[in-house]
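Just below is one structure, and these are the notes that go with it.
Keep in mind that this is a model prediction, so the values were computed, not measured. Letters A, B, ... are given to chains in the order of the sequence lines, protein chains preceding strands, and every chain is numbered from 1.
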Amino acid sequence: MRHQRTKTCGECRLNHVGELVVLNGWVQAVRDHGGLLFLDLRDRYGFTQVVADPAQHSVLSEVGPECVIAVVGKVRARPAEARNTNRSTGDIEIEAIEIELLNTTKVPPFEVDDECRTREELRLEHRYVDMRRRPVLAAMELRSRLNYLMRQSMTEQGFMEVETPILMKTSPEGARDFLVPSRVHPGKAYGLPQSPQLFKQTLMACGIDKYFQICKCFRDEDLRADRQLEFTQLDMEMSFVRQEDVFAVMERLMTTVWRELARGEVAAPFPRMTWDEAMTRFGSDKPETRFGMELFDFADRARGSGFRVFAQAMELPQGTVRGMVVKGGAALSRKQIDEAEAVAKSYGAGGMAWVKLTAEGPQGSIAKFLAADDLAALTAAGAAQGDLVVFTAGRFEPALNALGQVRLHFGRVQNLVDSKLAHFVWITDFPMFEWNEDEKRFEAKHHMFTAPSEPLPPLGGDLSHLKASLYDLVLNGNEIGSGSIRIHQPEVQAQVFAHVGLTPEQAQDKFGWFLRVLEYGAPPHGGIALGVDRIAMILAGAASLREVIAFPKNASGICPLTQSPSAPDTKQWDELQLRPVSGG
RNA sequence: GGGGACGUGGCGCAAUUGGUUAGCGCGUCGGCUUGUCACGCCGAAGGUUGCGGGUUCGAGUCCCGUCGUCCUCGCCA
């Protein structure tokens, strides 16, 4: 490169007129008028128009879109009628004196413009072309700002950033670990962190008091639009605190972030809602609170109902029947109602009962079973003529969850959500354990290090109603953070290990080192981890995490750019004393 | 592992009920063009319709299989 830039492509204005400048960048477009040629030069900072006489610059015959060039030239004002008010540099242009071709390009796989006119597969395969597009660049810049604001807020609030290991001990519960085989210790493997959980708790025992880290976490599970194999967390932990202290730190952080990046004020403190309330009102532990259509309890009416599905549901342990009023829903077609039922079924409901309240009386699958008292109960729940009422029946969580999903479905199709709103809400008092039907045992709902909010029952006792000091931060129906007050007493920790079915030997083998941490004066502590990718996605208004990750994996976990994962060669396997079982 | 959608020149799309030589826009290449900024005008090249098999006189279109991408259920402490 002979000519190094003295200005970026977004820099020159009328006050630079007359200056001799050098620009470096990519050719966005060439407009050849024969005796006069215009060329838009682009870099991260903007576009600048270059004017040249093709006869004086033979190199121009080789220059096309996405070539990399240097332009030496003089800034001049454009003729008044030729100014471009759509661009910040539109009042000036560069009169080319010399053009240096820094690199040519193959014909790009797609055009570099703001509109996305190609499939994502191709964009990600050629991310180095795709990211030259302004919207992609803007998402990357947004993320950079987000990282900066998070670091700044946490540092200002007295938190210390500490890095924890990526190669660590694998752990049994929770998501599947990524394993990294050890060469030096054949047959053994490190696990990549699903989160730095135990290290950050250990840092509390270390006396760090306030820790944070923006860190990568890894979970070997199937991907989704909002889930990647590796993702970024803002991880934090603090000592001698109650959950309100954690909330206050996060509220200061999020209000700052929203003020700076969403150009909208968010009021703190955020509303709080217990898990029971979220489930019963919204049918979700991550309620979308930007519209109403709340669920109501129909259990009392369902008991002994002539409609057998309702009556039988009430016989189940934790059995319930819940309803929801869809305003104006009596006008919906059978097909639209069937679609809603399909949603309920896809989330495990046996079906979705419904009744239309029409001028001719109740109509629909369960109309004939509804007595006057039942109809009065629907009216009390807010239903009126012209509405549709839908129901699910079954065990508490599946029945409510299915109806909650139907609620989201109607919210979408009826356009009930104002997408400009940002509703933060803390969900508190989660159940501590969850019954795993496959393994016939209780397992931790969050993780095994969460403190119970009440004393643990004796071993073998019913754990289903036990609540934990466990909380999620929810934004517009998205879980964006999850945390808890932790166990800091080794005896309590040992009890929890026992309750989830770990023998003392297993507990020692997997977590003995951590029990010793607690035995040497660990302080009471708690914390939270925020999903940075999801927050960036919401701020960017993107539909997929991939839009805010520079080099994301596709839905099957393949990196479209590098084609990882790839097959190690024989020598690599040999060094690890490993070999694939099948040919591969 | 299950369900759904999609796959046609480099890119985005079209092609009636199975029927002529698979068409259009963008891009690419060549020519013309001194005020464009999605420049314009003229011309050209570019296709194993993802892959394999089948039905048929005839398949982009129908059937079976397979691969890939996306969405999703399970899964994700």
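- In this structure the side chain of A/Q228 reaches within 4.5 angstrom of the side chain of A/I549, judged on heavy atoms.
- Pairs engaging residues 397-415 of chain A under the side chain to side chain donor-acceptor pair (under 3.5 Å) rule: none recorded [sequence neighbours left out].
- Applying a 4.0 Å cut-off to non-hydrogen atoms, none of the residues of residues 482-504 of chain A approaches RNA chain B.
- Enclosure of atom OH in A/Y190 is not indicated, since only 12 or fewer non-hydrogen atoms of other residues, nucleotides or ligands lie within 6.0 angstrom.
- Here salt bridge (charged side-chain N to carboxylate O under 4.0 Å, His left out) pairs that include residues 547-566 of chain A, with residues two or more places apart or in two chains, are A/R123-A/E547, A/E230-A/K553.
- The side chain of A/A225 lies closest to B/U72 when the candidates are B/U28, B/U69, B/U72.
- Among residues at least two apart or in separate chains, ring pair (Phe, Tyr, Trp, His ring centres under 6.0 Å) pairs with a member in residues 112-133 of chain A are A/H126-A/Y128.
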Name the pairs: protein N/O against N/O of nucleotides 6-10 of chain B, kept only if under 3.5 Å.
{"from": "B/G10", "atom 1": "O2'", "to": "A/P109", "atom 2": "O", "distance (Å)": "3.2"}

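- If you take atom C1' in B/U33 and the same atom in B/G40, they sit 8 Å apart, rounded to whole Å.
- Taking atom CD of residue A/E115 and atom P of nucleotide B/C13, one finds them 12 Å apart after rounding to whole Å.
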With a cut-off of 3.5 Å and sequence neighbours excluded, list every side-chain donor-acceptor pair involving residues 340-349 of chain A.
{"from": "A/E341", "atom 1": "OE2", "to": "A/M352", "atom 2": "N", "distance (Å)": "2.9"}
{"from": "A/S346", "atom 1": "OG", "to": "A/V343", "atom 2": "O", "distance (Å)": "2.8"}

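- No contact: A/T450 has no heavy atom under 4.0 Å from any strand.
- Within 6.0 Å of CZ on A/R395 lie no more than 12 heavy atoms contributed by other residues, nucleotides or ligands.
- With 3.5 Å as the limit, one finds no donor-acceptor pair spanning the side chains of A/E121 and A/N554.
- Under the ring pair (Phe, Tyr, Trp, His ring centres under 6.0 Å) criterion, A/F497 pairs with A/F511, sequence neighbours left out.
- Checked against B/C11, B/C70, B/C76, the side chain of A/T118 finds its nearest nucleotide in B/C11.
- Of the residues in residues 524-537 of chain A, none has a non-hydrogen atom less than 4.0 angstrom from any atom of RNA chain B.
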Candidate pair A/K335 and A/D338, rule salt bridge (charged side-chain N to carboxylate O under 4.0 Å, His left out), full reasoning: CA-CA 5 Å; A/K335 186 178 171 216; A/D338 285 347; over 6 Å; no
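- Pairs of residues two or more places apart, or lying in two chains, never qualify as salt bridge (charged side-chain N to carboxylate O under 4.0 Å, His left out) while including a residue from residues 49-65 of chain A.
- Applying the side chain to side chain donor-acceptor pair (under 3.5 Å) test to every pair with at least one member in residues 105-114 of chain A, sequence neighbours left out, gives these pairs: A/D113-A/R117.
- Listed by first and then second residue, the side chain to side chain donor-acceptor pair (under 3.5 Å) pairs that reach into residues 86-98 of chain A are A/R2-A/E98, A/H3-A/E98, A/D40-A/R87, A/Q49-A/E93, A/R76-A/E93, A/R76-A/E95, sequence neighbours excluded.
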Summary of protein contacts for nucleotides 35-50 of chain B, nucleotide by nucleotide, where a base hit scores B, a sugar-phosphate-only hit scores S (4.0 Å, heavy atoms): BBB-B-----------
